[in-house]
Participant: 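Let me begin by handing over the structure; questions about it come next.
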Amino acid sequence: MKKNYTKQDIIRIVEEEDVEFIRLQFTDIFGNLKNVAITVSQLEKALNNECMFDGSSIEGFARIEESDMYLYPDLDTFEIFPWRPQQGKVARLICDVYRPNGAPFEGDPRYILKRAVKEAADLGYVFEVGPECEFFLFNTDENALPTTITHEQAGYFDLGPVDFGENARRDIVLTLEDMGFVVEASHHEVAPAQHEIDFRYDDALTTADHIMTFKLAVKTIAKRHGLHATFMPKPKSGVNGSGMHINMSLSKEGKNIFADADDKFGLSKEAYYFIGGIMEHMKGMAAITNPLVNSYKRLVPGFEAPVYIAWSATNRSPLIRIPATHGKGTRIELRCPDPAANPYLAFAVCLRAGLDGISKQIMPPPSVDCNIFEMSSGQKSAYGIEEIPGTLMEAVYHMEKDDFVREVLGEHTYCKYISAKKEEWHRYRSQVTDWEIKEYLNQF
């Protein structure tokens, strides 16, 4: 529910609640939360969009000679952190980034999503998203540094005392609810120390903001329990990685336009075209939905993560699944994204790919209703099933070839992002791993 705060509302709440610090938050192109902290004395200046920062110090933002940036707070995102002291509280405002001339900064991920949302709105659509965010809770060492060690052996839907993270997860849920989240479910995931918390569907911009807040809350509360929360996609080999499945729907005049009761799968033609658009652009989008070298360690057969560009209403092996809920709950679930993705950019490319599918009436191939992992290469070929990129560099290669992704991100972010990911791949390629030593040192 929108709060519709005015400047006066925020000034009044800050005074009544004894707030002393306000964090002006924004997100860089790689999905890292940044902030400028101000005291109450500077609040009015911030609310008047007069708070400036050095954009050249944020990777992927701006060059030295055009570095001055302004933060424009979104008043409806005002929130007091429930984990901070009760005297001298700390609050936050999520901000949009602007240039000194009053133009939105084209490298601001929130602006990129807003631009995509406006395109949908111009067609009469509201894009709604529900994420399924997974993460690991690991032990820390004697210096409070993170490890990948856990002493628990819990599995899917287990609970304490087997699930050592249950208390931390409960506190995380209560904290999120204090911050206005509607948490629909939380449970232990398949791998030891792995958890999932799902919160209510909302419009895309609100949901992206929520994901950034969610990550901050999870990490903060985990630390209070002596644990380290990580959204790294595949922190341990041999067990399932963490995904961030994205459930999507489009509504028009309050009606879910993906639903059609007369269709075999309960899907409208717009839903099929939306699927077709995502499948058409998936290879070019992969570097956004799965942005790390490590992301592709998760996307391998045998660990429930999708590898093949296909869709189904009856099984979970393809990239896109149609959940059983029909009618107003009809939605498309994209299963490849991971929680390291920048949610603003991930939602923007998904929405624009779906809209491209609708505008061009791209029909997807037939539903694949058997386990793709058990199909022969000949069977996959007969179905026309392709694989998603197998490495970050392969994903970057496809992104470079896709002018559609360039247009969605804008020239600035597109070029900065590709350059940074090539550098990340180069750093990775230069390393010699433990696996290589064990595999080759004695043999050659």
Side-chain angles (χ1 to χ4, degrees), residues 19-28 30-37 77 79-94 131-154 158-181 183 185-189 191-199 208-236 239 241-244 292 294 338-343:
V19 174
E20 284 190 7
F21 289 93
I22 296 98
R23 291 185 183 174
L24 305 177
Q25 296 181 338
F26 59 100
T27 301
D28 72 12
F30 308 114
N32 299 309
L33 190 64
K34 305 289 184 181
N35 80 151
V36 173
T77 65
E79 201 69 59
I80 297 171
F81 289 143
W83 57 79
R84 300 297 291 183
Q86 289 311 294
Q87 284 77 41
K89 294 176 184 173
V90 179
R92 74 92 199 270
L93 284 157
I94 294 174
E132 299 174 27
C133 296
E134 295 174 345
F135 57 94
F136 282 86
L137 291 175
F138 289 128
N139 296 352
T140 53
D141 66 15
E142 62 274 12
N143 298 315
L145 295 173
T147 73
T148 57
I149 297 168
T150 178
H151 297 305
E152 68 146 75
Q153 295 299 318
D158 280 349
L159 68 164
V162 181
D163 174 3
F164 294 174
E166 186 184 23
N167 287 342
R169 193 175 71 232
R170 184 192 64 223
D171 278 2
I172 290 165
V173 169
L174 293 174
T175 299
L176 291 170
E177 289 185 335
D178 280 348
M179 297 182 78
F181 280 66
V183 176
S186 71
H187 59 84
H188 197 287
E189 259 296 337
Q194 190 182 31
H195 302 265
E196 179 180 315
I197 296 176
D198 304 332
F199 42 90
D209 287 342
H210 277 165
I211 289 172
M212 298 308 298
T213 302
F214 170 82
K215 289 181 177 180
L216 177 63
V218 168
K219 285 181 170 290
T220 302
I221 303 306
K223 194 170 184 180
R224 294 201 156 189
H225 284 261
L227 298 168
H228 175 72
T230 182
F231 293 93
M232 181 178 174
K234 185 86 168 186
K236 296 187 87 162
V239 297
S242 290
M244 185 180 72
L292 307 182
N294 182 255
D338 64 55
N342 182 325

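Note: hydrogens, waters and symmetry copies are ignored here, and every other heavy atom, side chains too, is used. Just so it is clear, the structure is predicted and the values come from calculations on it, not from any experiment. For this chain, numbers begin at 1 and follow the sequence in order.
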Participant: Under 3.5 Å, is there a donor-acceptor pair between the H225 and D171 side chains?
Facilitator: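 Yes - a donor-acceptor pair under 3.5 Å links their side chains.
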Participant: Do the side chain of D198 and the main chain of A185 share a donor and acceptor less than 3.5 angstrom apart?
Facilitator: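 Checking the backbone N and O of A185 against the side chain of D198, no donor-acceptor pair under 3.5 Å is found.
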Participant: What pair of heavy atoms forms the shortest contact from M212 to G31, and how long is it?
Facilitator: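 Looks like CE-O, 3.3 Å.
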Participant: Would you compute the distance between atom CD1 of I22 and atom CG of N35 and round it to the nearest 0.5 angstrom?
Facilitator: 11.5 Å
Participant: Counting heavy atoms not belonging to F181, are there more than 12 under 6.0 Å from its CZ?
Facilitator: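 Count over threshold, so yes.
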Participant: Listing request: all side-chain hydrogen bond (donor to acceptor under 3.5 Å, both in side chains) pairs with a residue in residues 211-224, at least two apart in sequence or in separate chains.
Facilitator: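 Every pair satisfying side-chain hydrogen bond (donor to acceptor under 3.5 Å, both in side chains) with a residue in residues 211-224: R92-T213.
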Participant: To the closest 0.5 Å, what do you measure between OG1 (T175) and CZ (R170)?
Facilitator: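 Going from the OG1 atom of T175 to the CZ atom of R170 covers 10.5 Å.
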Participant: Which residues satisfy the side-chain hydrogen bond (donor to acceptor under 3.5 Å, both in side chains) test with K89, sequence neighbours excluded?
Facilitator: E17
Participant: Checking side chain to side chain contact (heavy atoms under 4.5 Å, CB included) for the pair L216/Q25: CA distance, chi angles, key distance, verdict?
Facilitator: CA-CA 11 Å; L216 177 63; Q25 296 181 338; 3.7 Å; yes
Participant: With heavy-atom distances below 4.5 Å as the criterion, would you say the side chains of N139 and L227 are in contact?
Facilitator: yes
Participant: Would you indicate whether the side-chain heavy atoms of M179 and P82 approach each other to under 4.5 Å?
Facilitator: yes
Participant: Is the backbone N or O of G226 less than 3.5 Å from a side-chain atom of T140, with the two atoms forming a donor-acceptor pair by type?
Facilitator: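 Present.
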Participant: Hey, are the side chains of V218 and H195 touching, using non-hydrogen atoms and a 4.5 Å cut-off?
Facilitator: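 With C-beta onward as the side chain, the pair stays apart.
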Participant: Rounded to the nearest 0.5 Å, what separates atom CZ in R169 from atom CD1 in I221?
Facilitator: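 Output value for this atom pair is 14.5 Å.
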Participant: Hey, would you say the F199 and F214 ring centroids sit under 6.0 Å apart?
Facilitator: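 Yes - the distance between ring centres of F199 and F214 falls below the 6.0 Å cut-off.
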Participant: In the structure I gave you, are the side-chain heavy atoms of T230 and P146 within less than 4.5 Å of one another anywhere?
Facilitator: no
Participant: Taking the side chain as C-beta and beyond, is there a heavy-atom pair between F135 and I197 under 4.5 Å?
Facilitator: yes
Participant: For the backbone of L145 and the side chain of N143, can you confirm whether one donor and one acceptor N or O come within less than 3.5 Å of each other?
Facilitator: no
Participant: How about F136 and K236: do any of their side-chain heavy atoms sit closer than 4.5 Å?
Facilitator: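 F136 does not reach K236 side chain to side chain.
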